[in-house]
Novice: 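Structure below; questions to follow.
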Amino acid sequence: MNPFTESTVARPLDASECAPVRGAVRRGRRPFWRPALGALGLAAGLMLAPAAQAVDVNAATQAQLETVRGIGPKTAQVILEERARGGRFESFDDLAERVKGIGPKKAVTLQASGLTVGAAGAAAGTAQAAAASAQAKAVSGRKAQGGAKASGRSGKSAGR
């Protein structure tokens with residue numbers, strides 16, 4: 001466009017100068033079934049979401065393990081290799097001990113993200129985690145008592 005021969009001031013375009021837009025909004029009523037179908041799809045998605053989140057570590061494929069937040073391709077592969085080598089995982093503590101890169105804290109995070117151990121599901125996983133936590137507290141309490149006894153003995157032998 002040459003500014004010396006043509007005006008540079010914007011002007012509205014005629015309908016003949018505009019290119020037709022594919023999928024342009026039509027004036028008129030929307031079909032009644034579109035919002036109803038959208039609401040139905042949303043309700044179905046919300047109802048199926050919790051069922052889709054629970055993944056059993058003993059039965060899952062690599063793709064299923066990768067859907068759990070906190071498990072990437074490498075961790076999923078390590079889990080599958082360890083499961084093939086050592087058999088089923090008995091608890092989250094067993095998972096944390098056998099799989100490199102998963103410690104007790106990460107095991108709790110994975111449990112919260114929907115990973116389960118065993119076919120019983122999340123309820124059994126929560127009960128196992130509570131039992132494991134109680135067992136860990138009991139073991140640490142025994143270690144603390146044993147440490148006090150050992151220090152008492154060394155104090156006696158130092159006094160001789």
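Just so it is clear, the model here is predicted, and its values are computed rather than measured.
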Novice: Picking from T109, D56, I71, what satisfies side chain to side chain contact (heavy atoms under 4.5 Å, CB included) with L115?
Specialist: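 With L115 as partner, side chain to side chain contact (heavy atoms under 4.5 Å, CB included) holds for just one option, I71.
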
Novice: Search all heavy atoms of S113 against all heavy atoms of R69 and return the closest pair with its distance.
Specialist: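 Scanning both residues, the minimum pair turns out to be OG-O, 3.5 Å.
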
Novice: To the closest 0.5 Å, what do you measure between CG (D93) and CZ (R98)?
Specialist: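 Spacing of CG (D93) from CZ (R98) equals 12.5 Å.
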
Novice: Is a side-chain donor or acceptor of T116 paired with a backbone partner of V55 at a separation under 3.5 angstrom?
Specialist: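 Between the backbone of V55 and the side chain of T116 there is a qualifying donor-acceptor contact (under 3.5 Å).
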
Novice: Sequence neighbours excluded, which residues qualify as side chain to side chain donor-acceptor pair (under 3.5 Å) partners of E81?
Specialist: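 Per chain and number, E81 pairs via side chain to side chain donor-acceptor pair (under 3.5 Å) with Q77.
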
Novice: For residues D94 and F89, report the shortest heavy-atom separation together with the two atoms involved.
Specialist: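 Smallest interatomic distance, heavy atoms only, reads OD2-CA, 3.4 Å.
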
Novice: I would like to know whether I79 and I102 meet side-chain contact (heavy atoms from CB on, under 4.5 Å); could you show each step before the answer?
Specialist: CA-CA 10 Å; I79 289 171; I102 298 180; 4.0 Å; yes

Novice: What pair of heavy atoms forms the shortest contact from A96 to A107, and how long is it?
Specialist: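 Where A96 meets A107 most closely, the heavy atoms are CB-CB, 4.3 Å.
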
Novice: Which heavy atom in R83 sits nearest to a heavy atom in A59, and how many Å separate them?
Specialist: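 Taking R83 first and A59 second, the nearest heavy atoms are NH1-N, 3.5 Å.
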
Novice: Who passes salt bridge (charged side-chain N to carboxylate O under 4.0 Å, His left out) against E66, sequence neighbours left out?
Specialist: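 Residues passing salt bridge (charged side-chain N to carboxylate O under 4.0 Å, His left out) with E66: none at all.
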
Novice: For the atom pair OG (S91) and CD (Q111), what is the distance rounded to the nearest 0.5 Å?
Specialist: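 Going from OG on S91 over to CD on Q111, the span is 10.0 Å.
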
Novice: Taking the side chain as every heavy atom from C-beta outward, state whether V57 and F92 have any atom pair closer than 4.5 Å.
Specialist: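 Side-chain contact under 4.5 Å: no.
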
Novice: Between K100 and V78 (side chain of the first, backbone of the second, donor and acceptor by atom type, cut-off under 3.5 Å), is there such a pair?
Specialist: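 Not confirmed, K100 side chain does not pair with V78 backbone.
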
Novice: Which atom names give the shortest non-hydrogen contact between L80 and A60, and what distance separates them?
Specialist: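 Between these two residues, the closest heavy atoms are CD2-O, 3.6 Å.
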
Novice: Once you round to the nearest 0.5 Å, how far does OG1 of T75 lie from CD of Q62?
Specialist: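 Spacing of OG1 (T75) from CD (Q62) equals 10.0 Å.
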
